[in-house]
Amino acid sequence: MSTKHFLHLRAPGNWINDPNGFIYFKGYYHLFYQYFPYGPQWGTMHWGHAVSTDLVHWQHKGIALFPTKEYDKNGCFSGSALNIDDTLYLYYTGVKYKCADEENIHVPKNNEFFSAQAMITSDDGFTFDNFNGKKEIIPQINDLSVGHPSHTRDPKVWKSDDTYYMVLGTQVKDSEDTYKGRLLFYTSTDAVNWSLGGTFDGQIGGYMWECPDLFTCGTDDVLVVSPMGYFKDGLNCPDQAVCVTGAFDEKNCRLKINDNARPVDYGTDFYAPQTTTDKDGRRIIIGWMRMPEVVSDGDTQWIGMMCSPRIVQVIDGHIYFKMHPETEHAISHSVSYKQLHDNCLSAGYNKPFRIRLAVKNDSQINIGGYKIYLKDNCLYTDRTAVYPGDNNPRLVVHTPPLADKCDLDIIVDGHLIEIFINDGYDVLSQIVYNLTGAVAIENPASEPEFMM
Ligand code: FRU
């Protein structure tokens, strides 16, 4: 499979969701992803595989993991990667449906399945022996006071000193008929045999926590997690990826958080992100952009894409998500509005470009129907004109209050608009469909700069 993508990795065809096993290993960035290869909808999960040398040019490498064992016979759910002595270790959740839906064997009936944690290794990062190389490492949890037998998943693994750590997301009963999210921390001395070291049930919200990620950033620890049911407004799409600083006591596997968690990205589409370190040792994050509708490109039907990788930094207690220098470099050629129009806009927004400018409270930006404005010091976007159906009611979204003037660095790439606000102090990125027409900017606070 030789499909190549620039800037934003997207499904090679059919369906993708979460980024998995993101790592720089033996000269390549490896980005695996949740993949259903048989149709443009969620189903029996495989790990698709893409590689890049610069985080910008991605090449799909086909399927890395697929069901072969009793414990993963209905799917290889999300997980992470670690380089141990030049061998790639992948950790994931194997699932087995209690009973498959009779009309679609790729989904479980009543959302009931068994889950166990598993691993597989690879010497080169490209070949995976799905038949002989897998090992079940943490069997299904049956103690309901610890975690949920179906909903315990998404191992993120790291090493600190001589100990390996794993964090899993799960849920436990909160009352007679409600659940709350929980983290389970495991430790190991050999990365194969694991024991439960501690749990965390802090006040983050949501009834099930998916894709937890815990890492050190400067002098702080940062937790990123995707709580299901985070928004309590009763509208569709209540699941959000959030972040918070804290301190993890490795010896006792205890986590304390400093604050309320807040969304990683205010666009509401970004979910289930994963972090790793880039070749220069910077902490970077990439997330799945949830899409409401399948795109048809010629004879390829695809749904699901990744945002561009962002640098995570904690500055004065605030978690920044900054544009990666490789992304900046990839779209750094200044052009006039006419050149932008002739090369990108008139061709139906098929070529990525960037707009940099400052905005104030009466500024208005319209990018082919997608509106951006500052109101009461909050950055708003309105995608009513460029978003299909009524599946996601969050058409107008905004950041918390910022200032009466903000710097924006906006990447526009056909189906995805990413807005970096005040050098990544906040980010708001969103899926859009059918951008058409001009880019119009009224009352900017600085001369807009266009780049391709
Ligand atoms: C998050 C998630 C994970 C799970 C995977 C299944 O989007 O639900 O928790 O491992 O997707 O595809």
Side-chain angles (χ1 to χ4, degrees), residues 11 14-22 31-49 63-67 71-81 90-97 104 106-108 111-119 138 140-141 147-157 166-171 179 181-184 204 206-213 224-230 236-242 263-265 268-275 285-292 303-307 392 431:
N14 300 313
W15 167 279
I16 70 169
N17 52 288
D18 317 354
N20 294 156
F22 192 22
L31 182 57
F32 303 86
Y33 48 83
Q34 291 284 282
Y35 181 37
F36 183 61
Y38 309 130
Q41 72 272 343
W42 190 90
T44 305
M45 278 291 129
H46 298 52
W47 277 33
H49 184 197
I63 292 171
L65 303 190
F66 55 90
Y71 57 80
D72 72 6
K73 73 179 194 189
N74 295 110
C76 302
F77 273 20
S78 286
S80 59
L90 298 182
Y91 296 88
Y92 69 100
T93 302
V95 302
K96 181 175 140 183
Y97 298 159
N104 174 4
H106 293 289
V107 301
N111 204 23
E112 283 181 337
F113 47 89
F114 302 104
S115 50
Q117 314 313 317
M119 63 179 278
I138 302 178
Q140 179 188 301
I141 292 178
H148 197 280
S150 294
H151 302 292
T152 299
R153 56 179 173 260
D154 309 337
K156 179 78 200 296
V157 174
M166 177 191 291
V167 58
L168 295 173
T170 190
Q171 61 174 192
Y179 283 90
R182 167 176 283 184
L183 301 180
L184 302 177
I204 290 184
Y207 61 85
M208 162 67 198
W209 291 352
E210 299 190 299
C211 301
D213 194 338
V224 173
V225 64
S226 296
M228 300 176 84
Y230 179 74
N236 275 351
C237 303
D239 312 342
Q240 281 300 303
V242 300
V264 173
D265 183 305
T268 72
D269 296 341
F270 175 100
Y271 194 64
Q274 187 169 97
T275 74
I285 189 168
I286 203 161
W288 165 41
M289 300 303 300
R290 294 172 288 188
M291 299 176 74
I303 182 163
M305 64 193 290
M306 303 295 170
C307 70
N392 185 333
I431 292 294

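In each ligand, atom 1 is the first atom listed, and ligand 1 is the first ligand listed.
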When rounded to the nearest 0.5 Å, the distance separating CG of Asp213 from CZ of Phe22 is 11.0 Å
Hydrogens and angles aside, do Gln274 and Asn20 bring a side-chain donor and acceptor to less than 3.5 Å of each other? no
Measure the spacing between CE of Met166 and CE of Met119 and express it to the nearest 0.5 Å. 9.0 Å
From Ser115 atom OG to Lys96 atom NZ, the distance as rounded to the nearest 0.5 Å: 11.5 Å
When the aromatic ring centroids of Tyr179 and His148 are compared, is their separation below 6.0 Å? yes
His46 and ring-ring contact (aromatic ring centres under 6.0 Å, His included): which partner among Phe32, Tyr38, Tyr33? Tyr38
Short N or O contacts of ligand 1 with protein, under 3.5 Å, listed by atom name?
unit_1   : atom_1 : unit_2 : atom_2 : d
ligand 1 : 7 (O)  : Asp18  : OD1    : 2.7
ligand 1 : 7 (O)  : Asp18  : OD2    : 3.3
ligand 1 : 8 (O)  : Glu210 : OE2    : 2.6
ligand 1 : 9 (O)  : Arg153 : NE     : 2.8
ligand 1 : 9 (O)  : Asp154 : OD1    : 3.4
ligand 1 : 9 (O)  : Asp154 : OD2    : 2.6
ligand 1 : 9 (O)  : Glu210 : OE2    : 2.8
ligand 1 : 10 (O) : Ser78  : N      : 3.1
ligand 1 : 10 (O) : Asp154 : OD1    : 2.6
ligand 1 : 11 (O) : Asn17  : ND2    : 3.3
ligand 1 : 11 (O) : Asp18  : OD2    : 3.0
ligand 1 : 12 (O) : Asn17  : ND2    : 3.0
ligand 1 : 12 (O) : Gln34  : OE1    : 2.7
ligand 1 : 12 (O) : Trp42  : NE1    : 3.0

